[in-house]
Amino acid sequence: MAVDQIRVLLVEDNRGDARLVERRLAGQSSPRFEIQVADRLRTGLRLLATDEFDVALLDLSLPDHPEPGVDILRQAREASPRTPIVVLTGCDDPELASELLRSGAQDYLLKDELDSGLLVRSLLYAIDRQRWDEALRESEERFALAVRGANDGLWDWNLVSETVFFSERWKSIVGLGADDIVDRQQHWLERIHPEDRERVERELHAHLEGLTPRFKSEYRILHADSSFRWVSSRGIAVTNGNGKVLRMAGSMSDITQRKLTEEELLHAALHDALTGLPNRAMFLDRLQIAIAQSKRRTDYIFAVLFLDLDRFKTINDSLGHAAGDRLLVSIARRLEAAIRPSDRVARLGGDEFAILADGIEDLGDSTRIANRLLCELAVPYELDGHAVYSSASIGIATSVTGYDRADDLIRDADNAMYRAKSLGKSRYQLFDPEMHARAMALLELETDLRRAIDQDELCVYYQPIIDLENGAIEGFEALVRWNHPTRGLIFPGEFVPLAEETGLILNIGRWVLADSCRQMAMWQRRFPSEHPLTLSVNVSSRELVQRDLVQEIAGVLAQSAIVHGSLRLEITESAIMDNPDEAIAKLRKLKDLAVQLHLDDFGTGYSSLSYLHRLPTDTLKIDRSFVHELREGGQGGEIIGTIVALARKLGIRVSAEGIETSEQMRSVRDLACDFGQGFFFSAAVEPGAAERLLSAGSMQVH
Ligand code: C2E
Ligand code: MG
Ligand code: MG
């Protein structure tokens with residue numbers, strides 16, 4: 001206590017006694033005592049109430065109070081509850097002493113025994129103790145408030161007497177009244193849910209043995225209404241000097257609501273809201289466990305069946321989303337019914353489902369399951385009074401391939417599913433590692449191709465198209481090539497299909513068109529003629545459905561100074577048949593720009609004649625396979641003859657591609673094809689070589 005002045009109120013009517021006290025304290029210098037004397041209780045009480053004293057010395061017999069004793073102390077305490085009071089008395093009465101202490105006196109001094117040291121110590125201790133008492137009371141109050149605020153039940157377990165105190169709130173959490181007697185540890189433990197009890201006891205002992213810094217446990221506890229409530233208990237053990245636990249106390253709070261919310265959230269996070277099936281996250285989790293198990297036990301095999309509905313979009317579009325949703329739910333129920341209890345089915349998203357076939361005997365099992373599922377799904381569904389037929393394509397990957405990651409397994413099953421789709425749908429396909437290698441190579445190619453476009457690795461080769469009547473070079477077909485930094489020259493067959501799939505064809509096509517138009521404009525200037533050179537550029541189906549194709553071509557035409565009417569687009573029949581009405585509308589607009597249209601690879605697709613006459617076609621390009629058959633004396637001649645006859649009727653010209661020999665050249669010419677193209681004349685060549693062909697003039701056609 002770092003105070004150098006202490007204010008003492010001495011309530012004492014006997015002047016002699018008062019002087020005695022003053023003398024005893026006078027010699028003190030640190031701290032110094034400043035004493036104020038009140039010779040009546042009334043004065044003392046007033047001073048206590050109005051002034052601030054560090055401590056009061058109180059005589060217990062005062063003239064203005066009828067009875068000496070405890071009541072005087074009580075009145076003084078009431079006047080100033082926070083001032084520590086030391087009682088002065090003339091008689092040595094242990095009973096009175098203990099009553100005084102119980103009533104709040106800090107100390108009790110006999111007037112006869114007053115020596116300076118004792119008095120000073122007593123006053124200083126009284127001040128100190130009072131402070132501690134107050135701090136303690138405050139902290140107890142704070143604690144009690146906190147507990148009340150937290151709505152926690154309390155327990156206090158005395159390990160020596162083997163009794164437990166349970167607070168009222170504790171009892172009410174488990175549905176007991178305040179008067180119900182529960183005072184044994186057993187009363188608590190036996191209410192714990194059988195599935196949790198062993199764990200809670202383990203956690204309790206771990207703490208009692210000093211293995212954990214505190215006891216903390218969440219478990220279910222039996223309520224008087226026979227339901228179980230989730231509670232959270234915390235506690236801490238108190239040990240004696242030898243480390244023996246004497247007591248353990250703590251709290252218990254009801255967390256049922258939180259647990260329910262947690263469970264709901266967890267369920268929502270791991271399940272698909274529409275069908276209630278596990279979702280992708282949960283499926284991946286299960287799969288990872290299966291993978292771990294297959295690594296431990298070599299005889300454990302499992303399969304993942306990746307299932308994608310075949311025409312779901314059509315159903316959704318025609319019957320509406322609500323019906324589509326109901327179909328998905330019905331399918332989910334069928335799948336659940338079709339699998340074995342140990343298998344899992346999940347909805348991965350959209351119209352994709354996955355099944356984990358657990359612990360199968362061999363690969364045959366997985367295909368048998370797939371067959372069964374296909375049969376189950378083939379039974380028509382009843383939706384809004386319609387019988388709806390649905391089928392699925394299934395890809396299967398098995399643990400036999402050896403996986404570390406669930407993602408990889410799903411990816412491969414997904415790949416196999418795509419393969420099943422491309423093989424005709426409503427079937428299953430087993431994943432094989434070769435498929436994976438192919439997928440990887442494609443991925444690499446795609447990355448490379450993106451770079452190629454940015455870094456100008458693409459170039460255009462030109463193949464002359466010959467007028468079969470006089471051998472003149474009528475124009476060129478622009479054919480894209482890829483100058484790969486390590487693999488050398490790559491032909492379009494290797495990357496155009498991928499470019500179409502990924503949409504990169506749009507960038508490629510745009511570039512080829514602009515570059516070849518620029519080149520052609522230059523040639524048209526250098527080699528002027530009555531019939532300007534023509535340029536044929538290939539357009540894939542993906543480019544055809546592209547929204548702004550017409551505008552884009554108009555833009556290139558305007559910029560490149562290529563002679564009006566000398567551009568031709570080569571489009572395959574199948575590209576048009578993908579979406580004939582839209583294609584025809586676009587092609588008509590292109591005709592307005594004086595762009596000619598050539599039907600490429602004619603005869604290989606499945607164009608219907610009814611469309612053919614609606615198409616604004618200028619030329620049919622007979623596919624090279626028919627030209628090849630000419631050499632082998634096959635049916636090529638007849639087919640070409642028929643095509644030419646048809647074309648004449650429609651007022652369309654005919655071009656033959658893939659002419660490799662003079663014999664083929666003569667045949668197509670005799671069959672009245674207008675134009676020819678092929679290695680016999682020239683392969684597709686670089687611009688420089690193409691220019692040399694132009695300088696050399698016409699080619700031999702007779
Ligand atoms: P296509 O339009 O039918 O082009 C003709 C293909 O036949 C070219 O192959 C050409 O080099 C090849 N060819 C020419 N003469 C002969 C011959 O006498 N015998 C044989 N066996 N083949 C011959 P290429 O350049 O590999 O192009 C293949 C396909 O790639 C083209 O078929 C076309 O569909 C597509 N393609 C090429 N460049 C582009 C392009 O810039 N854009 C788009 N969308 N597709 C392109
Ligand atoms: Mg072509
Ligand atoms: Mg062709």
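Counting starts at 1 for both ligands and their atoms, following the listed order. This one's a predicted model, so the numbers in the text were calculated from it and none came from an experiment.
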- Output the atom name for the N/O/S atom of E570 with the smallest distance to the Mg ion (ligand 2).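 Of the nitrogen, oxygen and sulfur atoms in E570, the Mg ion (ligand 2) lies nearest to OE1.
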- Looking only at N, O or S atoms, find the one in D600 nearest to the Mg ion (ligand 2) and name it.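 When I compare the N, O and S atoms of D600, OD2 is nearest to the Mg ion (ligand 2).
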- Structural part of K621 in contact with ligand 1, heavy atom criterion under 4.0 angstrom: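 Neither part.
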- Query: Is it true that R692 and E686 have a side-chain N and a carboxylate O under 4.0 angstrom from each other?
  - Reply: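 Salt bridge between R692 and E686, a charged N being under 4.0 Å from a carboxylate O: no.
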- Item | Carboxylate-amine/guanidinium proximity below 4.0 Å for R280 and D272 |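 Not counted as a salt bridge, because no side-chain N and carboxylate O are separated by less than 4.0 Å.
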- Message: Parallel, tilted or perpendicular, judged at 30° and 60°: which one describes the rings of Y462 and F476?
- Response: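 Correct class here is perpendicular.
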Any N or O of [X] that comes nearer than 3.5 Å to an N or O of ligand 1?
{"X": "V480", "result": "yes"}
{"X": "E477", "result": "yes"}
{"X": "Q677", "result": "no"}
{"X": "F679", "result": "yes"}

- Message: I want to confirm something. Looking only at heavy atoms, which of N538, L513, I505 is nearest to atom 2 (O) of ligand 1?
- Response: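 Residue with the shortest heavy-atom distance to the ligand atom: N538.
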- Task: Determine, considering heavy atoms only, which of Q664, E494, R481, H628 sits nearest to atom 11 (O) of ligand 1.
- Result: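 The option holding the nearest heavy atom is R481.
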Looking at [X], which atoms of ligand 1 are within less than 4.0 Å of one of its heavy atoms?
{"X": "E570", "result": "2 (O)"}
{"X": "E660", "result": "17 (C), 18 (O), 19 (N), 20 (C), 21 (N)"}
{"X": "D601", "result": "3 (O)"}
{"X": "I659", "result": "18 (O)"}
{"X": "Q463", "result": "10 (C), 14 (C), 15 (N)"}
{"X": "S540", "result": "44 (N)"}

- Message: Is any side-chain heavy atom of F527 closer than 4.5 Å to one of P532?
- Response: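 Not touching, per the 4.5 Å side-chain cut-off.
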- Query: If only atom types and distance count, is the side chain of N279 paired as donor or acceptor with the main-chain N or O of M282 below 3.5 Å?
  - Reply: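 Such a contact is found between N279 side chain and M282 backbone.
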- Query: Is a donor on one side and an acceptor on the other found under 3.5 Å between the side chain of T619 and the backbone of H598?
  - Reply: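 Pair absent, no side-chain N/O of T619 close to backbone of H598.
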- Query: For Y403, is the NZ or CZ atom of R411 found under 6.0 angstrom from the centre of its six-membered ring and inside 45 degrees of the ring axis?
  - Reply: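 The answer is no, since R411 fails at least one limit relative to Y403.
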- Message: Below 2.8 Å, can you find an N, O or S atom of S536 next to the Mg ion (ligand 2)?
- Response: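 Here the distance criterion (N, O or S atom, under 2.8 Å) is not met by S536, so no.
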- Determine, using heavy atoms of E543 and all atoms of ligand 1, whether some pair is separated by less than 4.0 Å.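 Distance cut 4.0 Å: E543 passes for ligand 1.
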